[in-house]
2 protein chains.
Amino acid sequence: MAVVSRYTLALHILSWLAFRAEKKDEFLPSDRIANSVNTSPVFLRRILGQLAKAGLVLVQHGGTGAGWKLARKAEEISLLDVYEAVVPTPLFELHHSQPNPKCLVGKGIQPALRDIYEESEVAMKQRLAGTSIAELVTSSLAYGSAQAEPGFEH
Amino acid sequence: MAVVSRYTLALHILSWLAFRAEKKDEFLPSDRIANSVNTSPVFLRRILGQLAKAGLVLVQHGGTGAGWKLARKAEEISLLDVYEAVVPTPLFELHHSQPNPKCLVGKGIQPALRDIYEESEVAMKQRLAGTSIAELVTSSLAYGSAQAEPGFEH
DNA sequence: ATCAATGTAACTGAAATAGTTATATTCAAA
DNA sequence: TTTGAATATAACTATTTCAGTTACATTGAT
């Protein structure tokens with residue numbers, strides 16, 4: 001295990017909102033999203049809250065048309081934007097208990113690793129930055145449309 | 001949290017063995033390693049066992065000179081070799097509960113994500129492949145030697 | 001005023017991780 | 001062949017994280 005599945009759920013949420021936005025510009029409630037993602041609406045709202053803080057979605061609190069929608073076009077949201085919004089911690093963990101500072105290796109290994117870990121994380125993020133939610137939707141539909149069951153109301 | 005700290009410990013173990021190997025070619029016991037890493041010898045042996053399976057270290061089971069040493073030169077062990085040895089799972093997690101297959105997005109998003117996740121993981125690994133244990137030792141010593149306490153017996 | 005929605009605190013259950021304890025096994029060397 | 005310094009491994013504990021649920025207060029368009 002590594003990068004939390006919460007990130008996958010965030011991408012699913014945004015893809016679904018983008019897919020819906022192509023048909024109609026409206027706020028959509030969390031339990032409609034939960035129907036596609038197959039997860040609790042409360043859990044999704046926690047993720048949606050993080051996405052809202054990062055400026056990726058807009059929220060309508062009360063009233064009949066309450067819910068969520070994309071804050072900007074799906075072409076302008078990269079998978080890295082979403083990563084930064086929901087994954088706050090660095091990719092690699094250092095030691096839990098500090099290494100022995102009396103040992104030359106133990107003394108210097110943490111800053112040495114920090115450099116390498118940082119660069120590896122950047123390499124991963126650059127790949128994420130190269131794809132948008134719009135492209136993810138296109139790709140998902142290409143994979144899914146072949147055998148999707150017809151007549152399903154979103 | 002993300003990539004387990006076990007990976008950091010594995011890199012520390014190998015760096016320490018490489019550092020020691022420069023002075024003398026011998027098997028070194030896990031509690032000597034534990035003195036630098038500052039962790040339980042039993043836990044370290046679990047990691048050392050994984051490294052041995054991957055062919056990165058050699059083990060001497062019984063007798064007076066029992067312990068561990070590098071199976072090949074530190075220049076020929078990359079940080080990616082170590083990653084593959086101790087991190088068995090993919091970097092990104094997909095959904096825990098399957099998305100709704102009746103939804104076009106839910107149907108296709110997993111294979112779409114698999115492609116992108118795979119490429120992101122490869123990008124990260126390529127950076128790890130570019131550094132060897134020998135280089136990590138050199139870098140650690142550069143960071144550590146400035147203020148390390150003198151007179152420490154490894 | 002209604003009520004369909006969100007916001008959030010508090011909880012549960014499951015899993016992973018780090019680390020420990022105890023015991024059996026290995027094998028070089030005396 | 002006995003010794004003993006080491007590893008191998010099972011079983012256990014404590015901590016944390018994560019996903020997901022329940023319950024309730026709040027919001028605000030109509």
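Numbers restart at 1 for each chain; the letters A, B, ... are given by sequence-line order, proteins then strands. Being a predicted model, the structure only gives us computed values, none of them experimental.
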Query raised in the report: Nearest-Å distance, CD1 (B:Ile47) to P (D:dA8)?
Result: 13 Å
Report task. Figure out the CZ/P separation between B:Arg32 and D:dT7, and round it to whole Å. Result -> 11 Å
Query raised in the report: Just how far, in rounded Å, is P of D:dT17 from NE2 of B:His96?
Result: 16 Å
Please tabulate, for side-chain N and O atoms in residues 120-131 of chain A, each donor-acceptor pair with protein atoms closer than 3.5 Å (sequence neighbours left out).
{"unit_1": "A:Ser120", "atom_1": "OG", "unit_2": "A:Ile116", "atom_2": "O", "d": "2.9"}
{"unit_1": "A:Glu121", "atom_1": "OE1", "unit_2": "A:Leu91", "atom_2": "N", "d": "2.9"}
{"unit_1": "A:Glu121", "atom_1": "OE2", "unit_2": "A:Lys125", "atom_2": "NZ", "d": "3.0"}
{"unit_1": "A:Arg127", "atom_1": "NE", "unit_2": "B:Glu119", "atom_2": "OE1", "d": "2.7"}
{"unit_1": "A:Arg127", "atom_1": "NH1", "unit_2": "A:Thr131", "atom_2": "OG1", "d": "2.9"}
{"unit_1": "A:Arg127", "atom_1": "NH2", "unit_2": "B:Glu119", "atom_2": "OE1", "d": "3.0"}

Query raised in the report: Rounded to the nearest Å, what distance is computed from the CD atom of residue A:Glu93 to the C1' atom of nucleotide C:dA18?
Result: 10 Å
**Report entry** Results of ring-ring contact (aromatic ring centres under 6.0 Å, His included) for B:Tyr117 - residues two or more places apart only
**Finding:** B:Phe92
Query raised in the report: Starting at NZ of B:Lys69 and ending at P of D:dT7, how long is that distance when rounded to a whole Å?
Result: 15 Å
Requested in this report: Kindly give the cluster partners of A:Leu58, where membership spreads through any ILVMFWY side chain lying under 4.5 Å from a current member.
Outcome: A:Phe27
Query raised in the report: Which whole-number value in Å describes the distance from B:His95 NE2 to D:dC18 P?
Result: 18 Å
Query raised in the report: Does A:Ser40 have any side chain to side chain contact (heavy atoms under 4.5 Å, CB included) partners at least two apart in sequence or in another chain, and if so, which?
Result: A:Val42, A:Phe43
Query raised in the report: With sequence neighbours excluded, what pairs up with A:Pro41 under the side chain to side chain contact (heavy atoms under 4.5 Å, CB included) test?
Result: A:Ser30, A:Asp31, A:Ala34, A:Arg45
Requested in this report: Specify the separation, in whole Å, of atom CZ of A:Arg6 and atom P of D:dA19.
Outcome: 6 Å
Query raised in the report: A:Leu9 or B:Gly49: which one's nearest nucleotide on DNA chain D is closer to the 5' end?
Result: B:Gly49
Just the atom pairs and distances: protein N or O near nucleotides 9-13 of chain C's N or O, under 3.5 Å.
{"unit_1": "C:dA10", "atom_1": "N6", "unit_2": "A:Arg46", "atom_2": "NH1", "d": "3.4"}

Query raised in the report: How close or far is atom C1' of D:dA19 from atom CD of B:Gln98, stated in whole angstroms?
Result: 15 Å
Quick one: which protein N/O atoms are closer than 3.5 Å to N/O atoms of nucleotides 1-6 of chain C? Pair and distance per line, please.
{"unit_1": "C:dT6", "atom_1": "OP1", "unit_2": "A:Ser30", "atom_2": "N", "d": "2.6"}
{"unit_1": "C:dT6", "atom_1": "OP1", "unit_2": "A:Ser30", "atom_2": "OG", "d": "3.4"}
{"unit_1": "C:dT6", "atom_1": "OP1", "unit_2": "A:Trp68", "atom_2": "NE1", "d": "2.9"}
{"unit_1": "C:dT6", "atom_1": "OP2", "unit_2": "A:Ser30", "atom_2": "OG", "d": "2.9"}
{"unit_1": "C:dT6", "atom_1": "OP2", "unit_2": "A:Arg45", "atom_2": "NH1", "d": "3.4"}

Report task. Would you mind listing every salt bridge (charged side-chain N to carboxylate O under 4.0 Å, His left out) that reaches into residues 50-70 of chain A, with sequence neighbours excluded? Result -> A:Asp25-A:Lys69
**Report entry** Below 4.0 Å: OP1/OP2 of D:dA19 and any side-chain N or O of A:Ser5
**Finding:** yes
Requested in this report: Could you list the residues that satisfy side chain to side chain contact (heavy atoms under 4.5 Å, CB included) with A:Ala74, not counting sequence neighbours?
Outcome: A:Ala18, A:Leu70, A:Ile133, A:Ala134
Query - Electrostatic pair B:Arg6:A:Glu93 at N-O distance under 4.0 angstrom - result: no
Query raised in the report: So, are A:Lys24 and A:Glu26 salt-bridged, with charged N and O less than 4.0 Å apart?
Result: yes
Query raised in the report: Distance check: side-chain N/O of B:Ser97 vs OP1/OP2 of D:dA19, anything under 4.0 Å?
Result: no
